[in-house]
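Heads up: numbering here begins at 1 and tracks the sequence.
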Amino acid sequence: MKALVRWGATLGLVGSTLLGTVFIGNVPVLALPEQQIKEKLDAVPVYLITNDKGLPLSRPLPDGQNGQKAGGSVTGVYLSRQDAQAFITELRNAKGKDPKMEELVKNLQVTALPLGVIYQQLQQTKNQPNRLVFAFKPVDQEIKGAMDLLRQSGQKVEQFKSVPLFAVRFAPDQGYVPIKLTANNQQMIPLFLSKQDAQGLLSQVKQKNPKADIQVIDVDGVIDTLQKKNDEWLKQVVLVPSQESREYIRTLPGNNAPKTPAANPNNSRPPATPKK
């Protein structure tokens with residue numbers, strides 16, 4: 001299910017499905033309680049463009065847009081704070097704005113919030129016909145990196161309609177590489193939002209596992225798996241934000257962003273890679 005759409009630079013929608021469809025429907029078994037799913041997603045900051053009152057910039061959905069009834073609205077969610085700020089700059093530099101738009105653009109700002117908050121909002125409003133729809137704008141460099149890896153693996157891809165995640169495996173037919181968190185020595189399975197971070201882990205693993213590689217997955221597929229599967233290893237999954245977001249987290253009072261963790265390539269019983 002490709003349920004994330006990308007936010008275009010001209011307030012247009014690219015893609016044919018909406019994030020909200022990821023979380024709609026009854027599932028027979030939950031691998032994790034909803035609160036634990038939210039907590040996993042909370043590790044990832046996302047960025048909205050808001051006015052001086054904290055209300056997100058949005059536009060109305062036309063009647064019939066992506067199956068929605070008239071009256072709903074859509075707002076962009078950026079994975080990069082810099083991308084969100086660049087879009088504000090683009091709006092401010094646009095010529096020919098009417099006075100109301102001029103005043104609106106002047107007060108725009110970038111507001112960060114955890115991805116889990118958006119997940120929770122969607123859960124709470126999934127049955128509301130006029131709910132706010134979130135359209136995601138992944139980092140272009142990560143989209144390109146994901147498509148390059150998919151093509152290298154022999155897949156024919158023209159576009160990637162989701163937010164990519166990068167997981168390091170011992171080999172294409174083996175499990176994910178776990179890491180140890182120094183705080184409690186607990187083994188976790190990292191899913192990176194940055195290809196560069198995954199590449200750093202891969203370089204450590206390849207020293208003893210030459211067939212190790214990076215698997216490209218997507219955020220909505222991970223959420224779908226967390227909702228439907230009942231595998232114990234899913235409790236070990238942790239999302240690792242990009243370096244840009246980790247640096248932003250460090251600026252927040254009382255927060256320390258996680259460092260890119262070290263691999264544990266000697267693990268003799270890696271968790272099984274799920275079938276796609």
Side-chain angles (χ1 to χ4, degrees), residues 1-6 15-44 46 66-68 77 79 114-129 131-136 138 142-143 146 149-150 153 155 157 159-179 186-193 198 213-241 269-276:
M1 181 188 302
K2 298 300 181 184
L4 292 175
V5 294
R6 302 182 63 194
S16 61
T17 54
L18 298 173
L19 176 62
T21 61
V22 175
F23 313 114
I24 295 176
N26 297 320
V27 292
V29 177
L30 287 178
L32 297 176
E34 288 296 316
Q35 182 60 30
Q36 290 188 31
I37 295 176
K38 177 184 178 299
E39 289 172 359
K40 288 184 181 295
L41 299 177
D42 278 345
V44 180
V46 292
N66 291 319
Q68 300 290 308
V77 180
L79 271 295
L115 178 58
V117 171
I118 292 182
Y119 172 82
Q120 187 175 53
Q121 174 72 14
L122 287 165
Q123 287 289 78
Q124 294 172 350
T125 62
K126 60 185 178 182
N127 295 322
Q128 298 178 11
R131 69 185 185 278
L132 180 64
V133 172
F134 298 100
F136 278 62
E142 305 304 343
I143 290 290
L149 287 172
L150 290 172
S153 69
Q155 299 186 44
V157 291
Q159 56 182 332
F160 195 93
K161 296 181 181 179
S162 185
V163 176
L165 293 172
F166 304 91
V168 180
R169 301 181 292 189
F170 287 97
D173 58 347
Q174 295 184 25
Y176 294 131
V177 175
I179 53 92
Q186 183 180 5
Q187 285 196 345
M188 305 300 289
I189 300 170
L191 304 181
F192 298 98
L193 276 92
D213 71 347
I214 298 175
Q215 181 188 25
V216 178
I217 50 183
D218 52 75
V219 168
D220 52 334
V222 169
I223 293 173
D224 190 59
T225 299
L226 292 174
Q227 288 183 318
K228 294 180 179 179
K229 300 295 182 181
N230 197 25
D231 299 331
E232 185 68 21
W233 72 270
L234 290 171
K235 297 178 181 179
Q236 298 176 266
V237 168
V238 59
L239 274 64
V240 181
R269 295 177 63 86
T273 302
K275 300 297 183 181
K276 294 292 285 181

Quiz item: Which is it for L193 and E142 under the side chain to side chain contact (heavy atoms under 4.5 Å, CB included) test, yes or no, and what are the steps along the way?
Solution: CA-CA 8 Å; L193 276 92; E142 305 304 343; over 6 Å; no
Quiz item: So V216 and F166, side chain to side chain contact (heavy atoms under 4.5 Å, CB included) or not? Walk me through it.
Solution: CA-CA 5 Å; V216 178; F166 304 91; 4.2 Å; yes
Quiz item: Does the side chain to side chain contact (heavy atoms under 4.5 Å, CB included) test come out yes or no for L79 and V46, once each step is laid out?
Solution: CA-CA 5 Å; L79 271 295; V46 292; 4.2 Å; yes
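The backbone N or O of R169 sits nowhere less than 3.5 Å from a side-chain atom of Q215 that would complete a donor-acceptor pair. Put simply, the side chain of D42 never gets that close to the backbone of P114: no donor and acceptor are under 3.5 Å apart.
For the pair I223 and L41, the minimum side-chain heavy-atom distance is below 4.5 Å. Considering only heavy atoms from C-beta on, L150 comes within 4.5 Å of F160 through its side chain. For the pair F134 and Q121, the minimum side-chain heavy-atom distance is below 4.5 Å.
Atom-to-atom distance recorded for I189:CD1 and L239:CG is 12.0 Å, nearest 0.5 angstrom. Rounded to the nearest 0.5 angstrom, Q236 CD and I179 CD1 are separated by 10.0 Å. Distance check: I217 CD1 to Y176 OH gives 4.5 Å after rounding to the nearest 0.5 Å.
For K40, there are no salt bridge (Lys or Arg N to Asp or Glu O under 4.0 Å) partners two or more places apart in sequence or in a different chain. When the side chain to side chain contact (heavy atoms under 4.5 Å, CB included) test is applied to S153, the partners found at least two apart in sequence or on another chain are Q155.
Nearest heavy atoms, P164 versus S162: CD-O, 3.5 Å. When every heavy atom of A167 is checked against every heavy atom of L191, the shortest pair comes out as CB-CD2, 3.7 Å. When all heavy atoms of P138 and V163 are compared, the pair lying nearest together is CG-CG2, 3.9 Å. Looking at every heavy atom in both residues, V44 comes nearest to P241 through CA-CG, 4.3 Å.
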